[in-house]
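As the structure is a computational prediction, the values presented were derived from the model and not from experiment. We count ligands from 1, going down the list as the structure has it; atoms in each ligand are counted the same way. Numbering starts at 1 and runs along the sequence shown.
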Amino acid sequence: MSIVSFSEPGKAKRPYYNEEHLMFQDALRKFLEKEAAPYFEQWEGERFVPRSFWKKLGQNGFLCPAVSEEYGGGGGDFALSLVLSEETARIGAGLVGPGAHSNIIVPYLESFGTEEQKQKYLPGCVSGDIITAIAMTEPGTGSDLASITTTAIKEGDYYIINGQKTFITNGIHADLIIVACKTNLEANPPHKGISLLLVEKDTVGFSRGKKLQKVGMHAQDTAELIFEDVKVPVSNLLGQEGEGFKYLMSKLQQERIMAAFGAQIAAEEMLRMTIQYVKERQAFGKPISKFQNTQFKIAEMATEVQLGRTFLDELIMKHQRGENIVTEVSMAKWWITDMARRISPECMQLHGGYGYMEEYPIARKYRDIAISPIFAGTNEIMKVIISKNLGL
Ligand SMILES: Cc1cc2nc3c(=O)[nH]c(=O)nc-3n(C[C@H](O)[C@H](O)[C@H](O)COP(=O)(O)OP(=O)(O)OC[C@H]3O[C@@H](n4cnc5c(N)ncnc54)[C@H](O)[C@@H]3O)c2cc1C
């Protein structure tokens with residue numbers, strides 16, 4: 001079990017980090033301190049992370065650490081992917097794009113792609129020349145994935161795609177998009193009609209809609225994508241026709257662990273900065289950390305954060321061993337993201353008026369964390385899954 005350290009960021013030992021992970025972490029942290037931290041404010045203001053930063057990440061071997069070495073990747077395990085998510089999250093949640101690309105989207109290509117698709121795309125994904133996105137959500141449907149209306153109708157050796165997607169992470173930068181489409185409109189049940197298709201950015205009929213203005217994660221690029229008679233060869237099918245829903249479900253366990261992990265890191269960071277602040281800030285002739293209210297609030301939050309860490313560490317190790325832990329991961333996703341969101345206003349409150357000022361990082365954390373109970377499957381959907389698996 002790892003004990004959360006609130007004194008220094010990222011000092012806690014993780015049971016799944018070995019020497020290799022710690023070396024990767026150290027190198028990545030130094031890289032981010034030089035190449036991301038000094039510019040992050042600017043990126044948040046511009047609401048964009050420049051492509052040059054992606055390239056630098058790739059050139060230095062930090063993208064796609066789990067992709068096999070034969071395609072140029074690091075050939076690492078899941079814990080190496082966690083290091084990437086952890087270190088970018090410490091800079092800011094707005095830097096979630098490279099982690100989503102490396103740890104959530106590219107794994108679809110590696111798991112379900114043909115040898116030809118892998119040869120064609122994976123080296124570019126690793127180098128930062130190809131940025132990926134996965135497009136499931138539509139203006140009319142998010143949680144109810146089986147009801148998507150984007151269609152891909154086969155005509156000879158091509159599929160013709162029509163539809164619209166929204167809220168797509170990396171949508172503006174994306175060079176390659178995995179699009180969830182209906183290839184069989186008659187399928188019963190409807191989710192058996194879903195397939196995944198690869199669409200390259202320059203394909204005729206593909207366009208990007210608005211870059212969306214979000215409450216938080218300002219530097220993160222999130223966009224609408226439009227498909228109007230987009231013609232892709234049948235060789236762009238990812239895996240088998242009609243298996244898309246199954247592929248998505250199979251990868252969601254990892255995506256949800258990542259969502260819980262990001263929220264856990266955010267909770268630990270919020271509490272760390274709050275503990276530091278209350279020790280320094282004086283009121284009525286003493287540090288505000290000496291008021292019993294402050295102490296009890298922090299003691300309660302530290303307990304919840306430790307509970308989250310303990311649960312999550314166990315699930316990470318089970319996931320690494322390849323165990324099916326859908327129910328527990330759903331529990332962790334809702335509970336940890338909810339816990340992190342719940343403690344964010346408490347941490348802000350303990351900062352007083354300064355907590356409401358942009359120059360204090362707690363303000364940004366408060367905004368950024370609000371999304372985590374919504375994406376990667378809403379927390380209500382997590383409870384639907386848990387209830388179903390309990391036989392209710
Ligand atoms: C910043 C951001 C990034 C995202 N990135 C991506 C991406 O890269 N790719 C992608 O495809 N999508 C992405 N999404 C979309 C995200 O996954 C969806 O927003 C999410 O799944 C919820 O779908 P929805 O917004 O349509 O809400 P809805 O499904 O309309 O839900 C609205 C409310 O109803 C509740 N609800 C729905 N069904 C039930 C039910 N059965 N029981 C109880 N309550 C229910 C929900 O929990 C929610 O509270 C992103 C979203 C955001 C905001």
Give a table of atom pairs where an N or O of ligand 1 lies under 3.5 Å from a protein N or O.
from	atom 1	to	atom 2	distance (Å)
ligand 1	5 (N)	Phe167	O	2.8
ligand 1	5 (N)	Thr169	OG1	2.8
ligand 1	8 (O)	Thr169	N	3.0
ligand 1	8 (O)	Thr169	OG1	3.3
ligand 1	9 (N)	Ile134	O	2.9
ligand 1	11 (O)	Met136	N	2.8
ligand 1	11 (O)	Thr137	N	2.9
ligand 1	11 (O)	Thr137	OG1	3.2
ligand 1	12 (N)	Thr137	OG1	2.7
ligand 1	14 (N)	Phe167	O	3.4
ligand 1	23 (O)	Ser143	N	3.4
ligand 1	26 (O)	Gly142	N	3.1
ligand 1	29 (O)	Ser143	N	3.0
ligand 1	29 (O)	Ser143	OG	2.6
ligand 1	47 (O)	Thr378	OG1	2.7
ligand 1	47 (O)	Glu380	OE1	2.6
ligand 1	49 (O)	Glu380	OE1	3.4

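In this structure, a donor-acceptor pair under 3.5 Å is absent between the side chains of Ser207 and Glu228.
In this structure, the side-chain hydrogen bond (donor to acceptor under 3.5 Å, both in side chains) partners of Ser68, at least two apart in sequence or on a different chain, are Glu110.
Residues Lys318 and Glu314 are paired through a salt bridge, judged by an N-O separation under 4.0 Å between the basic side chain and the carboxylate. For the pair Asp221 and Arg51, the salt-bridge criterion is not met [side-chain N within less than 4.0 Å of a carboxylate O]. Ion pairing between Lys365 and Asp368 fails under the 4.0 Å rule for side-chain N and carboxylate O.
The side-chain tip of Lys231 points at the ring of Tyr158 from less than 6.0 angstrom away and within 45° of straight on.
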